Amino acid sequence: MTMPYLAQAEQQQTLEWLDGGTFSVLLDGRATGGRLTVGRFRVGKGEAPPFHMHTREDEVFMLIKGTALLWAGEEQMEMTEGGIVYLPRNIPHGYRITSDTADLLMIATPAGIEGMFRHAGRDITTPRPDDFAIAPEELAEAADLYGQIIIGPPR
């Protein structure tokens with residue numbers, strides 16, 4: 001894309017994600033010509049993805065609100081409100097939310113990771129099954145399809 005793109009809130013897709021949290025696709029590859037994905041997580045205490053790494057994209061996280069523990073490789077760090085981290089591709093990483101709630105902004109380049117969230121997540125505009133949960137097999141399949149490698153359980 002060589003033109004600016006504005007996505008108003010009502011144009012952004014929100015997906016139910018791990019542990020009852022949500023992931024909103026703010027800008028995807030269609031909007032950015034494949035250059036980047038921008039997303040926003042709104043999650044609760046204890047939310048933690050599996051320890052994983054990206055093979056196709058670099059990732060930036062900014063903790064807008066809340067606190068978290070972050071692992072990059074074997075290094076453990078504390079993230080506080082306003083903290084930002086750059087995670088190059090092929091570096092194993094994960095996090096665990098330590099505050100009651102957290103709001104995280106994610107930027108990944110190039111675009112494409114939004115496909116993983118769409119594959120395993122549930123669009124909140126669709127009816128919610130009573131027993132909705134993202135099964136580990138479903139998450140593993142989505143991760144594999146979009147170049148993510150799950151290394152181990154959440155930390």
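Please read all numbers here as calculations on a predicted model, not as lab measurements. Computation of the quantities below employed the complete heavy-atom set of this structure, encompassing side-chain atoms and omitting hydrogens, waters and symmetry-equivalent molecules.
Minimum interatomic distance between Leu87 and Ala72 (heavy atoms only, all atoms of both residues): CD2-CB, 4.1 Å. Contact detail for Leu18 and Pro50: the closest heavy-atom pair is CD1-CD, 4.4 Å. Residues Gln8 and Gln11 approach most closely at N-OE1, 2.6 Å, considering heavy atoms. The two atoms that bring Leu36 and Thr32 nearest to each other are O-OG1, 2.7 Å, heavy atoms only. Taking both residues in full, the closest heavy atoms of Thr101 and Ser99 are given as O-OG, 2.6 Å, listed atom of the first, atom of the second, then distance. For the residue pair Gly121 and Trp17, the shortest heavy atom distance occurs at N-CZ3, 3.6 Å.
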Please determine whether side chain to side chain contact (heavy atoms under 4.5 Å, CB included) holds for the pair Met106 and Phe61, giving the CA-CA distance in whole Å, both sets of side-chain angles, and the decisive distance to 0.1 Å. CA-CA 5 Å; Met106 180 206 76; Phe61 270 107; 3.8 Å; yes
Kindly determine whether Leu104 and Met79 satisfy side chain to side chain contact (heavy atoms under 4.5 Å, CB included), including the steps that lead there. CA-CA 11 Å; Leu104 298 95; Met79 278 190 86; 5.8 Å; no
Kindly determine whether Arg42 and Lys65 satisfy side chain to side chain contact (heavy atoms under 4.5 Å, CB included), including the steps that lead there. CA-CA 9 Å; Arg42 290 185 175 98; Lys65 177 184 173 190; over 6 Å; no
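Residues Val25 and Met62 are members of separate hydrophobic clusters, defined by side-chain heavy-atom contacts under 4.5 angstrom among Ile, Leu, Val, Met, Phe, Trp and Tyr. Following chains of ILVMFWY side-chain contacts shorter than 4.5 Å, one can reach Tyr95 starting from Phe117, so the two form part of one hydrophobic cluster. Two different hydrophobic clusters hold Val60 and Ile113 under the rule that ILVMFWY side chains link at heavy-atom gaps under 4.5 Å. Side-chain heavy atoms closer than 4.5 Å link hydrophobic residues (I, L, V, M, F, W, Y) into clusters, and following such links, possibly through other members, connects Ile64 to Leu27. Under the 4.5 Å side-chain contact rule for hydrophobic residues, Leu63 and Leu105 do not share a cluster.
Using modelled atom types, one side-chain atom of Glu114 and one backbone atom of Gly112 make a donor-acceptor pair closer than 3.5 Å. Using a distance-only test at 3.5 Å, with no hydrogens or angles considered, a donor-acceptor pair links the side chain of Gln12 to the main chain of Ala7. Of the possible donor and acceptor atoms, one in the side chain of Glu81 sits under 3.5 Å from a partner among the backbone N and O of Gly66. With hydrogens and angles disregarded, a donor-acceptor distance shorter than 3.5 Å links the side chain of Arg89 to the backbone of Arg56. Using a distance-only test at 3.5 Å, with no hydrogens or angles considered, no donor-acceptor pair links the side chain of Thr37 to the main chain of Ala108. Arg35 places no side-chain N or O within 3.5 Å of a backbone atom of Pro110 that could act as its donor or acceptor partner.
Atoms CZ and CG, on Phe41 and Leu15 in that order, are 10.0 Å from each other to the nearest 0.5 Å. We find the CD1-CG distance between Ile150 and Asp144 to be 9.0 Å, quoted to the nearest 0.5 Å. Summarising the geometry, atom OG1 belonging to Thr22 is positioned 10.0 Å from atom CD belonging to Glu47; distances are rounded to the nearest 0.5 Å. Here the OG1-CD1 distance, from Thr67 to Ile97, works out to 7.5 Å after rounding to the nearest 0.5 Å. In this structure, CD on Glu74 lies 4.5 Å from CZ on Arg155, to the nearest 0.5 angstrom. Put simply, CD on Glu59 and CD1 on Ile91 are 12.0 Å apart, with the number rounded to the nearest 0.5 Å.
Pairs of residues two or more places apart, or lying in two chains, that qualify as salt bridge (Lys or Arg N to Asp or Glu O under 4.0 Å) and include a residue from residues 116-132 are Glu16-Arg122, Glu16-Arg128, Asp28-Arg118. Every pair tested for ring-ring contact (aromatic ring centres under 6.0 Å, His included) that includes a residue from residues 118-155 fails, sequence neighbours excluded, so the list is empty.
For Glu57, the salt bridge (charged side-chain N to carboxylate O under 4.0 Å, His left out) criterion is met by no residue, not counting sequence neighbours.
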